[in-house]
Novice: 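Dropping the structure in here first, questions after.
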2 protein chains.
Amino acid sequence: MSHTTSVMKLRTHPTAPFDLLTHGLSGPARTRITALLHRNARRYTAGSDIVREGDNTVPFFWVLDGWVALNKSLEDGHVQTIDIILPSDVITPAAWERSISTFDVHALTDITVSALPLTDLDSLELADPPHVWASIRNLSAAARARIAERVLRLGQGSAEMRVAYVLTELYLRISALDDDQNMNFHLPLTQQQIGEFAGLSSVHVCRTLRRLSRGGLIDTNDHLNITIKDLDGLVSIAGIELNRLKAEILPSETQA
Amino acid sequence: MSHTTSVMKLRTHPTAPFDLLTHGLSGPARTRITALLHRNARRYTAGSDIVREGDNTVPFFWVLDGWVALNKSLEDGHVQTIDIILPSDVITPAAWERSISTFDVHALTDITVSALPLTDLDSLELADPPHVWASIRNLSAAARARIAERVLRLGQGSAEMRVAYVLTELYLRISALDDDQNMNFHLPLTQQQIGEFAGLSSVHVCRTLRRLSRGGLIDTNDHLNITIKDLDGLVSIAGIELNRLKAEILPSETQA
DNA sequence: CGGCCATTTGAACGCGCTCAAGCGCGGTGG
DNA sequence: CCACCGCGCTTGAGCGCGTTCAAATGGCCG
């Protein structure tokens, strides 16, 4: 499995997923939730679809390890990635009271996810209501904010802006998981998949990456490993106001 | 004010906003909430921005009357409408614990909105927790689903598909508010604004609408009033599976 | 009637697409 | 061990969709 290296890398990060997942929770609640997540953990291999659009599904999954794409597709086969989910993020394929997924849940790497039945969540809720729901709202709000940023560029931005934005967003999110990235990060996506995320053909993703590379903004010599050589330049092309973006798309450090 | 007619029309709908707003709530809770919404209601005129991206804001507004656009813009002045909010829907400009809006809240028509401070909501919550939050989750899930549908077409669809989709989505949502629309609805948007929603220039919106009109799919002779002459055809161009879309983007009739 | 704004139409450009061929690398089997 | 195979990346050629710029038309209000 070609993505194994990436998975291993993530799993040995200094800040383990569980820590982030239960971030801001008090001791007892954290212990309880961690145990629950472990009990319901499942592994899937890269390339598999955990859920397909229209399938029945549990209301949400927590991603413990690996990268997940939320995809929708047209009849002609074109695929659009609505969002990419990283470890410690939550996936809510269906509305709470409903059970039909509104998108495909696709494993970009080997992944570990925990599928929590609503009954279990309810018992957690009774035990420690504010923290669990606050955490979910917090993650959902960050997801909403980054989707909105992408919609803006999908509707109004150039290819260069979209690619620069996607790279910057993913770099920021990965850095929040592990701040030792040092302008370098592993991107377990083919150019085809970057295109599905940015709304571009794989051919044009290639051309755009090369242009950014030739312009000295990034380094893609080691495939799947991106080095950001000029963050300010990339941010400028992406039309990003860096501090604002960080505040909006990263789950906040402090709970209310 | 050129949009007055639209507002008046909405206000005389058989199903008043308040009914839908408190949909599924039991008698006492409904009374309490209706009173609270009234007390906090504010009016704004068409074209005004209630909140701008980056402003401090209350965590959410409920729209009692009129059409609202949630906009983001690039430095070059291009505007993208992330979502359009209709009466009985909720606007959540900021994450719960934060207070900075992630988009402009723009009045497309004269509107009435109720800005609920979090403290009031908390007291409601204590009084009738499940219903209020269930209602908000329900509305948020519908918003998420329709945004995802638009993202798919923004990234992968043609101009014709995007326009057909936008028209169909808005028709379905308005029909849910008032089922006597009979294939005819008031669309209080300029072609410029349709373009901001669909990710197209106003010029191309014009051409696309004319093509749909000439093709016998819609009738736009009465400006701002759209008549759908061939819903199946429009749905087909938009790449929609009608029943599924309805189930996803309309707030569900029954509460859990 | 005059002014303003939205819509409509034309003309031309260019961005990003499709189609197609070539390259590079890792994995597999003879 | 090397040849082959397959997948993903790269590059070229050409096209077409949607853009911008510009001007004309139409409708509404003062």
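Order of the sequence lines fixes the chain letters, A, B, ..., with proteins taken first and strands second; residue numbering starts at 1 for each chain.
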Novice: Check whether the side chains of Thr92(A) and Arg144(B) place a donor and an acceptor atom closer than 3.5 Å, and report yes or no.
Specialist: yes
Novice: Identify all pairs in which a protein N or O lies below 3.5 Å from an N or O of nucleotides 8-12 of chain D, and state each distance.
Specialist:
| from | atom 1 | to | atom 2 | distance (Å) |
| --- | --- | --- | --- | --- |
| dC9(D) | OP1 | Gln191(A) | N | 3.2 |
| dC9(D) | OP2 | Gln191(A) | N | 3.1 |
| dT10(D) | OP2 | Gln191(A) | NE2 | 2.6 |
| dG12(D) | N7 | Arg207(A) | NH1 | 3.4 |
| dG12(D) | N7 | Arg207(A) | NH2 | 3.3 |
| dG12(D) | O6 | Arg207(A) | NH2 | 3.2 |

Novice: Under a 3.5 Å distance rule, please check whether Ser101(A) uses its side chain to pair with a backbone N or O of Phe103(A) as donor and acceptor.
Specialist: yes
Novice: May I ask you to decide if Asn221(A)'s main-chain N or O and Asp219(A)'s side chain share a donor-acceptor pair within less than 3.5 Å?
Specialist: yes
Novice: With side-chain hydrogen bond (donor to acceptor under 3.5 Å, both in side chains) as the criterion, how do Asp104(B) and His106(B) come out once you've worked through the C-alpha distance, each side chain's angles and the decisive distance to 0.1 Å?
Specialist: CA-CA 6 Å; Asp104(B) 295 342; His106(B) 180 82; over 6 Å; no
Novice: Just wondering, more than 12 heavy atoms not from Arg244(A) lying within 6.0 Å of its CZ?
Specialist: yes
Novice: For DNA chain C, which residues in residues 147-162 of chain B have a heavy atom at a distance below 4.0 Å?
Specialist: none
Novice: Please report, rounded to the nearest Å, how far the P atom of dC15(D) is from the NE2 atom of His204(A).
Specialist: 19 Å
Novice: For Gly199(B), report the nucleic acid contact type (base, sugar-phosphate, nothing); a contact means any heavy atom under 4.0 Å.
Specialist: sugar-phosphate
Novice: Bend angle of the helix from dC1(C)-dG30(D) to dA21(C)-dT10(D) from five-pair axes at both ends, rounded to 10°?
Specialist: 40°
Novice: Atom CZ of residue position Arg52(A) - does it have more than 12 heavy atoms of other residues, nucleotides or ligands inside 6.0 Å?
Specialist: no
Novice: Please tell me if Ser201(B) has a side-chain N or O lying less than 4.0 Å from either OP1 or OP2 of dG18(D).
Specialist: no
Novice: Whole angstroms only, please: what is the CD-P distance between Glu196(B) and dT19(D)?
Specialist: 13 Å
Novice: Short question: side chain of Glu248(A), backbone of Ala142(A) - any donor-acceptor pair under 3.5 Å?
Specialist: no
Novice: Output yes when a side-chain donor or acceptor of Asn56(A) lies under 3.5 Å from a complementary backbone atom of Ile100(A), and no otherwise.
Specialist: no
Novice: How about CZ on Arg42(A), more than 12 heavy atoms from neighbouring residues, nucleotides or ligands closer than 6.0 Å, or not?
Specialist: no
Novice: Nearest whole angstrom, please: distance from the P of dA6(C) to the CG of Leu108(B).
Specialist: 13 Å
Novice: Main chain of Ala238(B), side chain of Arg153(B): is a donor-acceptor contact present, judged purely on distance under 3.5 Å?
Specialist: yes
Novice: Using side-chain hydrogen bond (donor to acceptor under 3.5 Å, both in side chains), reason through Thr45(A) and Asp110(A) one step at a time and then give a plain yes or no.
Specialist: CA-CA 4 Å; Thr45(A) 57; Asp110(A) 288 350; 5.0 Å; no
